[in-house]
Amino acid sequence: MKKHIITALTIVSFSFASFADEGMWLPILLGQKNYNQMTQMGLKLTQEQLYDINNASMKDAVIWFGGGCTGEVISNEGLILTNHHCGYDAIATLSTPDNNRLANGFWALDKSQELPAQGLSVAFLVRMEDVTERMLAELAKYPADSQLFYAQKEGEKIAKAAREDGKYEAFVRDMFKGNQYYMFVMERYTDIRLVGTPPESIGKFGGDTDNWMWPRHTGDFSIFRIYANKDNKPAAYNTQNIPFKPKKYLPVSLKGAENGDFAMIFGFPGRTNRYETSMGVKLAIEQTNPAIVKLRTKRLQLMKEQMDANVAVRLQLASRYAQIANYWKYFIGQTEQLKHNKVYDRKFAEEETFKNWASANPGYSSIFSKMEKEYDIYKMYNKHQVYLVEGIRGSILVAYASAFLDLEKELLKDQPDTSKTHAQVLVLKARYASFYKAFYNKESDKEIMAATLEMYYNDIDKAQHPEMLTKLMAKAKKGKETELINKTIEKIVNKTIITDSVKLFKFLDKPNLKTIQKDPAIQYAFAFTKNYNNNYKKYIDAFNFANANFGNKYMKGLMEMQPNKYFYPDANSTMRCTYGNIKDYSPKDAVHFSHFTTLKGIMEKEDPTSDEFIVPAKLKELYKSKDYGQYVGKDGEVPVGFLTTNDITGGNSGSPVINANGELIGTAFDGNWEAMSGDIAFDAQFKRTICVDVRYTLFIIDKLGGATNLIKEMTLVK
Ligand code: ARG
C-alpha cells in the first residue's frame, strides 16, 4: 500500500496486540516473546538473522523506496523489487507518446539498457536506537503541557550528531504518542535505474475498480537497480557508477506457500492511528471523509476527461491521478468499514473501561471530558481546512500560487533581506519544475479551480469565506453563480504571470512586491490562504496540540491500566516487522475467498472495452500454450496473488513477503475492502494483506518480457 501524504489531517498514535497477526513491531523490539511466537508459527531463522547491526540481517535487504514505499534487494548486484504503483511516477516520467513504456512495458536486457530514474532514491536503515531517556530528560525542562511541542527540536539535536556530516540521514521519531523516542539512521542512494516493468495493463490490471479489493489479479511489480560509486557508497548519477553490492539480498522461492504457512513482512508502514477515539471516528465518518471524497470525485472526473482525450496529457497526469484516486477510494472504504465493523461502538466501550479506571487516577480523570470540548470547537473549522487543502489548493495553479506567500512576507519588510528573497526564489523555481510544470494541465486545472470554488462557496459556512469571495458573489445574479465563477476563473488563468513562463521567470529573476499584489492567481490563492491562516488556523493548531497531549496521556494511562499487555507503536514511516500466516477468509455469510488467485482469473476478468481490464495479446498466448515453465503452481495454473494475515498499511507497498526460511515468496501491495477501517482499528477476522506471488513476477519477467538475464541474476530456491 502506497503511503498517502496528506498534510495536517493525519495524526500519529499506537496500539497493543491481542492477536499474533496484529502488530507492526520495531525490529529492535522483536523481543523473546515475539520470537517465541514466530518460531511456534514456523519461523526457522535466528533472532540475529532478523535484526542485527553488526552482521547482515533482514534490515539490510529492505529499503525505503522513494519516500512512500518499500522495496527489497534481490540480487548480489543491487537489483531491487518493488510495486508497479511505487515505480509508477518514474515509469510515466520515462515515457513519451512515441516511446510509451508505461503502456508497453520495458525490459533492460543488459545493464547498459537500464534507465536513470531521476529524482528517485532509496534508503537503507543503518541502525535504530532507543533515545527515550535522553529525550524525556531534555523535555522535562519545559512546562508539562508544552513538552511535546519541543520534541522535534530536541530530537533534531540528537539526530544531528548521528549524521556524521552528511554521511547519513538521521531523525528521532516518537513512539507510543510521545511516551518513547527512537532514533533512525539511514543511508540514501540516489543513482537508481529502471530495469524492468510490465505494461500497465499487467502492472495496474484491475485499476481503481479492483483497488483495495480481493480477489485480485494485479501484476503490481517493477524492478530497479541501485548504483554506487567505486567504494559502494552513495553517489549522484554517473555513468562511472557501478551496481551496488548489498550486505544482504533475499533468495527467491519458487515453492510457493500453502494456506496456514508462516509469512512475515518487513517494511516502512506510514501511519496508523489505532488509538483514535470514538470522537475521532465520529468526525471522520460524518465530516472529514465525506468532504475529501466529494472534492476528489470532482477533481478526478475533470482530470480524466482531459486524460482520455490526449495521450500526452494522460502521461503527464497519470501518476498524480493514480495517487488521488487511490486515497479517494481509501476514504470511501474506510467510512464504509468504520460503520460496518462498528468501530465507534468498540472504541466507545474501550473508553468506558478506561474512564472507570481513570476516575480513581487524578492525572487521567478528566482527559476525555476536556477533549470532548476541543472537538466541539474543531468541528466548526475542520471542513474549512479540508476544502482549502483538498479543494481550492487541489488546483495545481492555486497550490503553486500559494507558495509565493513567503516571498511576499520578505518583500513586505522595510528592508528585505536579499539573501532571503533569493532563497525563496530558488524554492519557487524548484517547485515550478517538480510540481507546477510536471502536473499543470490548463484545461483540467481551470475546471478544477471553478468547480472547487463553487463547492467551497456552497458548502463552507458563509461567515468563514474570505472577503474576496463574499464581494465577488454579491455581484452574482440569482441562478447565474456558476457563470460568474467560470468567468472569474477564466480571467485569473489568462492574466496570471504563472501560466506564462517567460513573464514568470522574468519576475523570479527580479522579484517585486507590485507584481505579486497585482497578479490575479496569486491574489486568489492568498485570499483563501490568508483568510485561513489569520482567522482559523489557530483553532486547528490548538486542537492538534490538545489532541497530541491527550493522546500522550491516554496512551500512558492505558499502559498503566494494563501492565501485562504487550504494546506495539503506531506506524510512523519507520521500519517494522509483522508476522502471521497465509490465509483465506469469509467476507460475509455464505461467501468464501480462497487465499490465492491464478492466471485463469485474469482471463475471466478480461474486458477489452474497459481500459482497466485489457489483457495483453502476449499474455493470452502464454495462457493458451500453457508455457508456464518453472512458475506453475500445484493446480497447473500460474499463481498471481495471495493473502496473508500480516498487519500492514500505506508505505508497506513493495514490501517483501518472506517465508519461514527467510526466502522471498511475494510482494505486498494492498489491503482488502472488508478491513479498510484497519488504520484506526485492527480487525483480526477480516484484516488481510494482498500480495503478488513472486512466481507471477518471475513468469512475467521471463516469459513475457524475455529478460532471462534478470532471472539468472537472482538466487532461486526450487
Ligand atoms: N491501494 C494500493 C496501495 O495503496 C494500490 C494502489 C495503486 N493502484 C491503483 N489502482 N491506484 O498501495
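Computed over heavy atoms, backbone and side chain alike; hydrogens, waters and symmetry mates excluded. Just so you know, ligand 1 is whichever comes first in the structure, and atom 1 is the first atom listed for that ligand. This is a predicted model, so every value here is computed, not measured.
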Distances only, to 0.1 Å: what are the N or O pairs between ligand 1 and the protein that fall under 3.5 Å?
{"unit_1": "ligand 1", "atom_1": "1 (N)", "unit_2": "N211", "atom_2": "OD1", "d": "2.6"}
{"unit_1": "ligand 1", "atom_1": "1 (N)", "unit_2": "N326", "atom_2": "OD1", "d": "2.9"}
{"unit_1": "ligand 1", "atom_1": "1 (N)", "unit_2": "D670", "atom_2": "OD1", "d": "2.9"}
{"unit_1": "ligand 1", "atom_1": "1 (N)", "unit_2": "D670", "atom_2": "OD2", "d": "3.4"}
{"unit_1": "ligand 1", "atom_1": "4 (O)", "unit_2": "K2", "atom_2": "N", "d": "3.0"}
{"unit_1": "ligand 1", "atom_1": "4 (O)", "unit_2": "N326", "atom_2": "OD1", "d": "3.4"}
{"unit_1": "ligand 1", "atom_1": "4 (O)", "unit_2": "N326", "atom_2": "ND2", "d": "2.8"}
{"unit_1": "ligand 1", "atom_1": "10 (N)", "unit_2": "G207", "atom_2": "O", "d": "3.2"}
{"unit_1": "ligand 1", "atom_1": "10 (N)", "unit_2": "D208", "atom_2": "OD1", "d": "3.2"}
{"unit_1": "ligand 1", "atom_1": "11 (N)", "unit_2": "D208", "atom_2": "OD1", "d": "3.3"}
{"unit_1": "ligand 1", "atom_1": "12 (O)", "unit_2": "M1", "atom_2": "N", "d": "3.4"}
{"unit_1": "ligand 1", "atom_1": "12 (O)", "unit_2": "K2", "atom_2": "N", "d": "2.3"}
{"unit_1": "ligand 1", "atom_1": "12 (O)", "unit_2": "H85", "atom_2": "NE2", "d": "2.7"}
{"unit_1": "ligand 1", "atom_1": "12 (O)", "unit_2": "S653", "atom_2": "OG", "d": "2.9"}
{"unit_1": "ligand 1", "atom_1": "12 (O)", "unit_2": "F669", "atom_2": "O", "d": "3.3"}

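Every side chain to side chain donor-acceptor pair (under 3.5 Å) that R314 has, sequence neighbours left out, goes to E200. In this structure, the side chain to side chain contact (heavy atoms under 4.5 Å, CB included) partners of Q287, at least two apart in sequence or on a different chain, are L283, N382, K383. Scanning for side chain to side chain contact (heavy atoms under 4.5 Å, CB included) contacts around D670 gives M1, N211, W212, R216, I690, with sequence neighbours left out.
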- With side-chain contact (heavy atoms from CB on, under 4.5 Å) as the test, would you mind laying out the steps for F593 and E674 before giving the verdict? CA-CA 12 Å; F593 281 155; E674 296 77 13; 4.1 Å; yes
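Between M714 and L664 the shortest side-chain heavy-atom distance does not fall below 4.5 Å.
A ring-centre distance under 6.0 Å is found for F65 and F224.
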